[in-house]
Amino acid sequence: MLALYIRDVKLGIRAGGGALVGVLFFLAVIAVAPFAIGPDANLLARIGPAMLWIGALLASLLGLDRLFQVDREDGSLDLLILGSSRHMLPLTVFVKCLAHWTASVLPLVVAAPVLGLLMNMSPLATFATALTLLAGTPAIVFIGAAGAAVAVSLPRGGLLVSVLVLPLVIPVLIFGVSASYAASTQPDPFLPPFLMLCALMLFFAVIGPLAAAVALKGASD
Amino acid sequence: MAETTISGRLTNLANPTRFLELVGRFLPWLAAIALLLTFAGLAMGFAAPEDYQQGSTVRIMYLHVPFAWISMFCYMLMAAAALGTLVWKHPLADVALKAAAPIGATFTALALATGSIWGRPMWGTWWVWDGRLTSVFVLFLMYLGILALTRALDDPQRSARAAAILTLVGVINIPIIKFSVEWWNTLHQPASVMRLDGPTIHPSLLWPLLVSAIGFTLIFFTLHLMAMRAEIWRRRVAVMRRMAAKRAENRAPA
Amino acid sequence: MRLTADNLGGERGGEPVFDGVSFALAAGDSLVITGQNGSGKSTLLRVVAGLLPVAAGTVRLNDGGEDFPDVASACHYLGHQNAMKPALTVAENLDFRRDFLGHPLMTTEAALDAVGLDSVGALPFGYLSTGQRRRIALAGLLVSFRPVWLLDEPSAGLDLASERRLTALMQGHLAEGGMLIAATHLPLGLDDAKALVMPGGGSG
């Protein structure tokens, strides 16, 4: 299992800088916002956490469709499924998700505080947002894995995966953004939405890989 | 067939061989002069009088202005290299472009960071979305885009053309950066060194600035030459690996 | 150990490709499947491996012991694709296979030596030619132990010397009590293999 994790992280970093493209997309989305909304610093600070969340959400959906498709194209998916008698397939999927998160999504979380600066957010709000991203983005990857598995045999699954997954991650977005706001606006407590976010992440960590494993078994041909 | 492609690759590298030789000889000198000038410039900067409005904060100018200058200079250099790739198909031109991108991105990031640190006490904010800052940020994004593109394609031949075209399209941003302070009302101060009617900055501040700018430019060249050398070596390693794979095939039946 | 298929049927995309296939393999037995294009050779292999659902009949592994309780756990499957990552080096690919599959058998060096490519371990897999890639995939069969080899056109892209080496590898596997099912349209040099001719697709 560790071998699979290391292999996938290596591939994520080596194969044409997939991680860099994700961060770049994140940067570009955030950079476009002030052009659309106007450079009003107060307004930007107010919508900052929401913008960061939307940017991170879209950027982490970006490479998700390739999660299993690459393995399917070169035949390694057969290897993973055939190995399922030793390593439970959901666990294999879980490890693949973790590797994908480490290589492609963790850089987004690291970049978030810098972008918070550009959105004129207060340090407290920035770090609260980064923290919620740290807790919330794995949920996106886990549930996205289910979408990627469903669409694995489709030739142009990319957009479809995003369409399938976006409605499912709305709860994550709700609690992530409300926790980020709660940290900076005084009367709202930070902890309840944040704990809900963590609970969602753990819930998806179970449901996502299970669903993905079932879909992968059915999709192999 | 296989022989011609390999020997063709080797003649392509013949020119870079001479380049490597020259770089090997001049690099230590260049590096020494660059460091000397930079330290001299920064030392002069610290000896220079403080600004009556900004106090000692103004000293970050001796870092910020060279960084910002190099971020644009590097892009122009990459654009020239892109022309070299597209028009003359010179093998070194693509190497120069590819090697410059990460350095340019770093200097742009440094320019943004030092500007941000300078802006905090002066304007009371780390960042504003005004013409100058935004256009430099776009430049930074373009550097990263070129970087991602050159890394994404494994085959140097194909990535060379793609990166060259992307670089040339992006050149439009450079005059926007240069004139952004005049076209839009912004917090960023207007040009004070490179003006048609001569610099408006006081000579006691100008000289350290010039010396450190030249020093940093030489540092940029040092880094660039080193990166080009590394890139040429990287490509040779790739060619040798492919040849090793072929040789394994030839030896196999024996 | 015994691998038996009884009246096995397979389908692809809801359409039956073959049915009524029966065979039994004991330790050291091999089965060579031949047949026209589209007669279901590949489908049969994937059904045996458990990568496709069984449409009719059964396929069973008896006396596999604790290590190999079912068919899938006892199989090496080599499909049309090599299941290797072009961006990783050959050695990284093989090491991953061994770590992931368990039951380590040969070192990476020994496996590469067995396919006559001992010098390519440090090269990225993507740098190799088609035939070399196939041979590395064959080396992947050697790094971890599985009693049953399911090979789909194993000699595709191989030159004469490599084909001979493949025959030697397969014979070695059989001599140690392994089992082997190969789908092919080229002779593999397995003299005492059982033959299974798939009833033709279409014209029959």
Side-chain angles (χ1 to χ4, degrees), chain A residues 1-20 63 66-89 91-96 98-100 103-104 149 152-155 213-221, chain C residues 10-15 17 42-43 45-53 61 64 66-89 92-104 124-126 133-134 137 140-141 144 146 148 150 152:
Chain A
M1 276 295 119
L2 187 66
L4 179 65
Y5 178 79
I6 292 170
R7 181 195 77 152
D8 269 32
V9 170
K10 259 188 204 164
L11 283 173
I13 294 168
R14 254 186 235 176
L20 178 63
R66 303 292 292 161
L67 188 60
F68 301 112
Q69 218 164 31
V70 185
D71 279 345
R72 184 176 185 275
E73 279 160 11
D74 64 17
S76 354
L77 190 60
D78 293 340
L79 183 72
L80 298 182
I81 294 177
L82 211 55
S84 61
S85 49
R86 270 171 194 77
H87 317 289
M88 277 164 31
L89 194 54
L91 199 62
T92 307
V93 173
F94 180 77
V95 170
K96 273 188 79 69
L98 276 189
H100 174 82
S104 320
V152 67
S153 54
L154 305 174
V214 173
L216 282 180
K217 272 240 151 152
S220 90
D221 59 358
Chain C
E11 54 180 35
R12 220 154 192 177
E15 218 170 288
V17 185
S42 302
T43 311
L45 283 183
R46 291 184 72 85
V47 168
V48 172
L51 293 167
L52 284 178
L61 185 79
E66 254 177 44
D67 283 345
F68 305 107
D70 56 4
V71 183
S73 67
C75 286
H76 260 318
Y77 172 77
L78 176 66
H80 292 280
Q81 273 94 28
N82 295 318
M84 298 273 168
K85 294 289 175 190
L88 299 181
T89 67
E92 279 171 334
N93 269 308
L94 292 176
D95 289 343
F96 165 71
R97 257 187 102 89
R98 179 175 35 241
D99 289 348
F100 185 76
L101 292 175
H103 297 284
F125 182 73
R133 290 179 194 208
R134 201 60 179 167
L141 303 174
S144 84
R146 289 286 186 280
V148 183
L150 304 173
D152 199 348

Please determine, among C/K85, C/Q81, C/R97, the option with the most heavy-atom pairs under 4.5 Å with chain A.
-> C/K85
Heavy-atom distance under 4.5 Å to chain A: side chain of C/R133, backbone, both or neither?
-> neither
Measure distances from C/D70 to the heavy atoms of chain A and classify the residue's part below 4.5 Å as side chain, backbone, both or neither.
-> side chain
In Å and rounded to the nearest 0.5 Å, what is the OH to CG distance from C/Y77 to A/D78?
-> 5.5 Å
Chain C contact via A/L80 - side chain, backbone, both or neither, heavy atoms under 4.5 Å = both
Any idea which heavy atoms bring C/P86 and A/D74 closest together, and the distance?
-> CD-OD2, 4.5 Å
Identify the two heavy atoms, one from A/L11 and one from C/A87, that lie closest to each other, and give their separation to 0.1 Å.
-> CD2-CB, 3.9 Å
Chi angles and distances behind the side-chain contact (heavy atoms from CB on, under 4.5 Å) call for C/F96, A/L79 | CA-CA 11 Å; C/F96 165 71; A/L79 183 72; 4.0 Å; yes
